[in-house]
Amino acid sequence: MQVKSRLRAPMWVWGAAAVVAVGGIAAAVMSMRTSEEPIASGPSVTRRLTAEQYQNIIQDVFGSDIDLGGRFEPDLRVDGLFAVGASHVSVTAAGMEQYDAMGRAVAGQVVDANHRDMLMPCKPASAEQPDEQCAQEFLGKVGRLLHRRPLTDQQLQAYVTAATQATQITKSFYDGVALSLSAMLSAPDFLFREEVVEPDPDHPGSYRLDAYSKASQLSFFLWNSAPDSKLLAAAEEGELHSKRGLARQVERMMGSPRLESGMRAFFEDQLRFDEFETLAKDSALFPKFSAQVADDAREQTLRTILDVVFTRDSDYREIFTTKKTFLTPELGSIYRVPIYNDGPNGSPDQWQPYEFAADDPQTGILTQIAFTALHSPAGRGSPTIRGKAVREIALCQKVPAPPGDVDFTQFELASASPTSTARERLGVHASVPSCAGCHKIMDPIGLALENFDGSGEFRTMEGNARIDPSGEIDGIKYEDANGLGNAIYRNPAAVSCIVDRLSARALGRTTSSGERGWLKDLKDDFADNGYRLSALMREIALSRALYSVSAPAREPAQQQVAAASSADR
Amino acid sequence: MRNLTTRRRMLRGMLGGAAVSVGLPFLDCFLNTNGTALASGAPLPVVFGSWFQNLGLNPGRWKPSAVGKGYQNNVELVVLDAYRERMNVISGTKYFLDGRPLETHVSGVQIATMGSIPAGVSSDPSLDTTIADVIGDKTRFKSVEISLSGGRQSLSRRKGGAINPSEPSPAALYARVFGPEFKDPNAAEFTPDTQVLARRSVLTAVADERRDIMKRVGAADRARLDEYFTAVRQIEQQLDLEMQKPAPLKDCSIPRAVPEAEVGRNVAAVERNNKLFAELLAHAVACGQTRVFNVNFGTQGLRTPGGVRDWHSLTHEEPIDPKLGYQRDVTWFINFATGTFARFLDTLDSYREGGGTVLDRTLILWQTDHGYARTHTMDDLPILTVGNAGGRIKTGMHLVATGDPSTRVGLTVQQAFGVALNSWGRLSNATSKPLTEMLA
């Protein structure tokens with residue numbers, strides 16, 4: 001898992017003072033259909049934190065110099081998203097071992113001599129003895145951020161007792177507190193995002209998330225991290241239940257640099273960038289493709305997208321057509337563009353903005369290495385795999401699995417010739433009826449990317465044959481990759497795709513049939529707002545649909561317990 | 001939670017300076033002085049391993065011609081000849097789709113490991129976890145998952161969508177098993193680590209508060225959280241074991257540290273890592289650290305350096321060599337994979353313990369995703385078992401179960417390890433007929 005270099009200050013050190021207004025967003029005029037119509041809500045979900053969210057919370061709460069020192073259980077992709085799979089996964093014994101190790105590694109650093117003065121609000125009377133008061137102050141403060149709601153008295157008491165007992169055994173106050181903190185970091189209240197549900201007084205008969213669950217829903221959606229102290233305070237004061245209060249918090253959060261993390265996390269999930277983990281290219285065939293190139297390629301695409309949707313707050317669909325990108329010297333060697341490490345005022349900067357010429361085949365993210373190389377086997381390109389990826393990732397369409405008993409004889413005959421191109425070889429698919437049905441919706445898309453080899457480098461020849469990069473999608477024919485980008489730009493499915501996935505990400509589940517009207521409003525408003533992602537995110541964040549849940553299906557006894565325990569808070 | 005009070009009392013006792021060994025239940029027994037068996041006379045505990053190799057074998061080149069005992073290995077399994085008397089070859093079984101679409105290289109894996117194709121997201125547990133629930137509770141690690149392909153996904157999953165992460169790096173596995181927290185069972189002195197004692201006391205202190213979440217969530221989420229609490233108990237048991245002097249294991253020796261190396265998809269990396277992993281596992285078993293391991297040979301993307309096409313692509317695209325009658329390059333990979341398995345067995349079998357070797361008390365189940373990868377066949381599957389799990393399985397046979405669900409093998413193996421199951425699998429993959437010829 002790659003950790004981006006983001007400057008993050010621990011939440012309670014600077015509070016949320018570092019809010020930077022992003023031009024254009026706060027001031028944007030937004031048209032929005034009403035979300036006041038009655039909605040049939042879906043169920044509440046309990047989500048396991050994703051690896052990225054775990055990292056973000058640790059960075060936000062304790063600062064960015066804390067090492068995690070562990071690895072995460074694999075996340076599960078459901079309906080195209082880890083964010084939805086999170087509602088289905090649990091924790092295995094081996095996964096727990098890792099959480100336990102990471103929790104101890106993190107807690108150990110928090111209380112070590114380098115950090116304790118900054119991160120702990122008090123000093124113990126003696127470093128060798130329990131100090132319940134100091135432990136309580138620290139654990140209560142950090143517990144509120146990690147559990148994303150204030151600890152109950154019983155919870156706090158349990159953690160303080162744990163620290164006291166551990167201090168008595170280890171003869172060290174800090175070791176004791178660290179072990180208690182590490183228990184907090186492997187507690188279900190931390191690792192799982194539980195949704196607490198309550199009757200909605202504004203809509204009798206309906207249910208909503210309680211104020212703290214609301215705060216989490218909002219902040220994991222916009223920031224991909226836990227609520228900060230201000231948001232928790234807003235929850236505590238009931239502000240999030242008022243329309244105006246919610247809007248105030250959403251505006252504040254949309255103006256925070258953390259919004260970029262939220263957007264970045266969405267696209268990493270949507271683009272299936274976890275597949276970089278097992279990406280390998282044959283070094284004999286693609287000598288320029290190094291691990292560094294792979295890392296940079298992933299970052300290049302994210303930067304390209306964020307430049308469109310965040311920095312320039314522009315039409316989302318431009319990610320498929322933009323000529324503007326960012327390159328490193330390593331990427332430059334594959335794109336055949338000289339890149340030097342010269343930053344502004346002569347300071348070295350690895351990343352340089354670059355704009356390809358209007359007629360350059362480089363156009364949008366589908367022609368970038370993070371697409372062409374990621375969706376290719378190790379030793380060559382594959383129009384079929386790329387075509388399938390365009391369908392699944394850019395358009396959210398599902399391509400059926402291949403039939404079981406495939407006769408590859410025809411294909412093998414075609415591939416035996418050294419002068420054939422992929423187009424000729426794949427032409428065989430059309431001659432076999434059981435293949436043609438699906439391959440005609442994949443191969444012609446991918447053939448437009450044939451000018452990019454398995455490592456993403458431009459080429460005009462395959463072996464001895466000239467490549468014909470023309471292609472077709474849903475009846476629209478085009479000449480080359482530029483045409484493909486334009487066709488995706490104009491494809492209505494590209495818009496539905498982003499709205500569906502972003503709302504599924506926010507909810508932690510695929511939308512239910514009762515929420516279709518809401519989705520339609522979102523799509524219409526997205527168009528009215530010039531397909532600006534920020535406007536779409538704002539509207540989702542302000543939607544009642546995000547915080548309404550269907551009636552909890554619980555046994556009455558448990559409902560009472562739930563009510564009692566939420567009253568405790 | 002029955003013994004929670006005991007532990008609490010013990011921990012309080014410790015806080016007051018009482019002797020540490022008092023009050024702790026012994027979760028394991030002592031070996032006799034020869035180290036061949038436990039002092040009670042029981043043999044060394046049994047070990048289960050799974051080995052999953054994708055992409056099948058070549059039809060006509062692996063199935064022995066003779067049936068029953070005294071068979072001769074066919075050409076693609078000759079590499080395992082040294083183990084012929086200690087293994088079984090099972091042929092003829094099928095994976096049934098029951099009208100579900102064939103997800104190539106996925107459906108077969110699911111049926112082989114879980115006995116069913118999951119409906120939706122939640123799945124049945126894989127058989128290694130049901131076995132680990134029976135034999136894996138008394139070791140530090142309930143199971144160890146290894147990936148020779150470099151990925152993190154293992155094929156081991158518990159009910160409710162929890163997938164065990166795989167270890168792709170031998171160096172990391174070394175650190176996990178033999179790192180600072182490892183307690184040498186043969187060390188003369190035993191001082192419980194105060195960190196371990198403190199961690200255990202912390203888990204006890206927060207246990208009740210943690211369970212509160214179960215009262216607040218719905219039934220589906222309760223099932224998932226149940227898995228979470230099972231995992232927490234595993235950590236508690238691990239700590240309990242580390243708090244007591246381990247039973248001496250005469251033949252436990254600590255391996256040399258493993259240097260960090262490339263995890264990967266080329267044959268050289270797989271070859272090297274296979275050897276390192278096998279050695280670590282042998283030591284881990286002999287030192288009482290685990291009794292269940294899962295190796296995912298996986299590597300559909302496996303390539304020779306400079307090879308344009310990976311193994312998986314080759315299975316579909318390489319023409320059948322007219323002289324040989326099979327795909328030449330694909331067969332090279334098949335031989336590489338079975339050869340790698342043979343080297344793995346060699347390594348386990350060269351670790352001496354008691355009167356025999358680590359392999360003697362182990363049973364390894366070898367399965368694959370398709371009978372013939374070129375056309376994705378789901379019948380006449382090659383299945384192997386190696387080892388007799390300390391005498392629980394009869395070996396040296398070629399068993400034929402034509403048209404039967406492959407799950408008969410999985411059921412047999414689970415029953416051999418004492419999993420309380422009368423039948424296993426779902427729909428057409430359900431069976432209540434173990435291969436009784438195999439059960440000792």
Side-chain angles (χ1 to χ4, degrees), chain A residues 46 71 73-74 76 78 88-98 100 154-155 158-159 161-162 165-166 168-170 175-176 179-180 183 187-189 194 196 277-278 280 282 284-285 377-380 400-408 411-413 415-416 552-554 558 561-562 565, chain B residues 14-15 101-104 121-122 142-143 145 150-153 158 160-165 194-195 197-199 201-203 205-206 208-210 212-213 215-218 221 224-225 227-228 231-232 234-235 264-265 301 303 305-310 313 316-319 374-378:
Chain A
T46 299
R71 77 202 148 86
E73 204 163 327
L76 177 72
V78 172
H88 298 276
V89 288
S90 185
V91 176
T92 62
M96 195 65 214
E97 205 185 304
Q98 292 294 325
D100 185 52
Q154 295 95 308
Q155 283 173 328
Y159 284 118
T161 305
Q165 292 186 353
Q168 285 166 340
I169 297 170
T170 58
D175 283 358
L179 285 171
S180 182
D189 315 63
E194 163 209 0
V196 176
E277 220 170 281
T278 48
D282 193 302
L285 295 163
R380 61 191 172 100
D405 244 356
V406 181
D407 180 2
F408 285 91
F411 194 78
E412 285 160 3
L413 290 174
S415 68
R554 284 187 195 150
Q558 264 155 348
V561 173
S565 79
Chain B
M14 256 176 342
L15 300 178
L102 168 60
E103 278 199 58
T104 54
V121 175
S122 74
K142 194 162 187 169
S143 65
E145 280 65 44
R152 271 192 307 157
Q153 293 270 6
R158 302 193 69 83
I163 305 167
N164 269 315
T194 49
Q195 281 291 319
L197 298 174
R199 281 165 63 196
S201 90
V202 165
L203 284 180
V206 300
D208 292 346
E209 289 307 318
R210 278 189 173 181
D212 256 14
I213 194 169
K215 298 176 197 154
R216 302 192 299 259
V217 298
D221 290 333
R224 287 165 61 211
L225 285 164
E227 285 300 319
Y228 164 89
V232 170
Q234 169 73 7
I235 299 279
R265 297 185 149 197
R303 286 169 307 106
V308 178
R309 282 177 280 182
D310 56 68
S313 305
H316 298 317
E317 296 170 14
E318 187 188 8
R374 182 171 163 268
T375 52
H376 295 137
T377 65
M378 302 286 273

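Since the model is a prediction, treat every value here as computed from it, not as a measurement. Lettering follows sequence order; numbering is per chain, from 1.
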Shorter than 4.5 Å, heavy atoms on both sides: which option in A:Gly176, A:Pro188, A:Ala162 has the most such pairs with chain B? A:Pro188

If one checks every heavy atom of A:Thr46 against chain B at 4.5 Å, the contacting part turns out to be both

Which answer fits B:Asn164, side chain, backbone, both or neither, if we ask what part of it has an atom under 4.5 Å from a heavy atom of chain A? both

Ionic contact status for B:Arg199 with A:Asp175, cut-off 4.0 Å: no

Interface residue of largest heavy-atom contact number with chain A, from B:Gln234, B:Arg210, B:Met378, under 4.5 Å: B:Arg210

Main chain of A:Ile169, side chain of B:Thr194: is a donor-acceptor contact present, judged purely on distance under 3.5 Å? no

Which heavy atom of B:Leu102 sits nearest a heavy atom of B:His376, and at what distance? CD2-O, 4.0 Å

Heavy-atom pairs under 4.5 Å with chain B are the metric here; pick the option from A:Asp100, A:Thr161, A:Thr170 that has the most. A:Asp100

Is there side-chain contact between B:Leu225 and A:Glu194, with at least one heavy-atom pair below 4.5 Å? no

Whether the side chain of B:Arg224 engages the backbone of A:Val89 through a donor-acceptor N/O pair (distance < 3.5 Å, no angle test) should be reported. yes

